[in-house]
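Have a look at the structure below before the remarks.
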Protein chains: 2
Amino acid sequence: MQLIYCIIEMEQVFKALAASSRRKMLDRLHIKQGVTLSELVEGLDMRRQSATRHIAVLEQAELIVTLWQGREKLHYLNPVPLEEISRRWLDKFSQNKAAAIISLKQALEENNNE
Amino acid sequence: MQLIYCIIEMEQVFKALAASSRRKMLDRLHIKQGVTLSELVEGLDMRRQSATRHIAVLEQAELIVTLWQGREKLHYLNPVPLEEISRRWLDKFSQNKAAAIISLKQALEENNNE
DNA sequence: TTATTATGCAGTATTTATACTGCATGTCAA
DNA sequence: TTGACATGCAGTATAAATACTGCATAATAA
């Protein structure tokens with residue numbers, strides 16, 4: 001169960017990170033937390049309603065958490081999923097980075113000598 | 001120039017990672033390098049021609065490098081873009097992870113007390 | 001109360017991504 | 001040389017992502 005949950009979550013996180021406008025939102029929340037929707041949209045070259053959709057994607061991936069304060073919706077960054085991705089997926093590639101590059105180089109050289 | 005190049009590359013890498021079938025391909029190349037197309041498609045629940053498209057996306061992101069050996073196309077993993085992503089984008093979030101979570105918790109608590 | 005502000009929701013148009021089929025090409029092995 | 005194999009290419013159908021407009025609702029401020 002836990003495994004299935006994680007796979008689904010990872011899928012959502014990777015998908016959420018695929019759009020530059022969403023990464024930009026995360027960048028901004030990284031600098032300043034508790035930002036309202038209107039503030040978050042500024043400089044994003046899209047309507048507020050479109051940004052809402054992007055935020056929903058980020059929320060589903062649990063990359064941001066939101067809180068209502070009166071009529072304002074405040075947005076907070078949750079860095080946990082990013083670290084999960086980094087730890088359980090990306091890291092394993094850098095661990096064998098040297099081996100991968102050597103095998104790649106060897107293949108290239110063998111190919112050149114033919 | 002360098003900056004623009006990097007932004008474009010990062011965009012492609014994130015997009016390439018967004019599909020689970022492509023991540024699966026990278027996983028398989030991580031285990032075994034120099035795999036042919038036919039071998040790479042096995043167990044992926046799609047036609048060879050569809051997989052070719054996915055591979056093109058991974059190639060554009062420079063996540064894989066290919067070599068022709070006669071009539072076979074051999075695929076090699078290039079872990080460099082993954083490490084770039086990790087280093088220049090993900091890491092900064094984990095650096096401030098503690099701060100982010102504290103600010104998030106505080107906000108949640110303040111909200112509860114109202 | 002009334003105007004303004006912050007946001008949500010619904011519907012739609014457009015673009016992008018994905019997967020498929022069918023056929024072409026080049027390599028290898030008998 | 002011929003048949004099998006590995007792959008590419010083109011065209012098309014479908015699904016998913018994205019952005020827009022217009023209107024609704026609730027909170028705040030005058």
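Chain letters run A, B, ... following the sequence lines, proteins first and then strands; every chain starts at 1. The basis for the numbers below is simple: all heavy atoms, side chains too, and nothing from hydrogens, waters or symmetry mates.
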Inset, instruction - Classify the side chain of B:Gln49 and the base of C:dG22 as holding, or not holding, a donor-acceptor pair under 3.5 Å. - result: yes
Inset, instruction - Name all residues meeting the salt bridge (Lys or Arg N to Asp or Glu O under 4.0 Å) criterion together with B:Glu72; count only those two or more places apart in sequence or in a different chain, and write none if there are none. - result: none
Legend entry - Whole angstrom value for the distance that separates P of C:dT27 from CG of B:Leu74: 15 Å
Please report, to 0.1 Å, the donor-acceptor pairs under 3.5 Å made by any side chain of residues 42-49 of chain B, with sequence neighbours excluded.
none

Inset, instruction - Starting from P on D:dA27, measure out to CG on A:Leu67 and report it in whole angstrom. - result: 16 Å
Legend entry - Gap between atom CG of A:Leu90 and atom CG of B:Leu17 - 0.5 Å precision: 7.0 Å
Legend entry - Any residue meeting ring pair (Phe, Tyr, Trp, His ring centres under 6.0 Å) with A:Tyr76, in chain and number order, not counting sequence neighbours: none
Legend entry - d(CH2, A:Trp68; P, D:dT28) in whole Å: 11 Å
Inset, instruction - Nearest whole angstrom, please: distance from the P of C:dA6 to the NE2 of A:His75. - result: 14 Å
Do any N or O atoms of the protein come closer than 3.5 Å to N or O atoms of nucleotides 13-18 of chain C, and which pairs are they?
residue: C:dT18; atom: OP2; partner: B:Arg22; partner atom: NH1; Å: 3.1

Inset, instruction - Taking only Lys NZ, Arg NE, NH1 and NH2, and the carboxylate oxygens of Asp or Glu, determine whether B:Arg87 and B:Glu83 approach each other closer than 4.0 Å. - result: no
Interface polar pairs with nucleotides 2-6 of chain D, N/O, under 3.5 angstrom:
residue: D:dC5; atom: O2; partner: B:Arg71; partner atom: NH1; Å: 2.9

Legend entry - Min side-chain heavy-atom separation A:Val80-A:Glu62 under 4.5 Å: no
Inset, instruction - Report the distance from atom CZ of A:Arg47 to atom P of C:dT12, rounded to the nearest whole Å. - result: 20 Å
Legend entry - Ion pair check, A:Glu9 and A:Arg88, cut-off under 4.0 Å: no
Legend entry - Length of the CD-C1' vector between A:Gln69 and D:dA26, whole Å: 16 Å
Inset, instruction - Sort and list the pairs that fulfil salt bridge (Lys or Arg N to Asp or Glu O under 4.0 Å) and have at least one residue in residues 24-34 of chain A, not counting sequence neighbours. - result: A:Asp27-B:Lys92, A:Lys32-A:Glu39
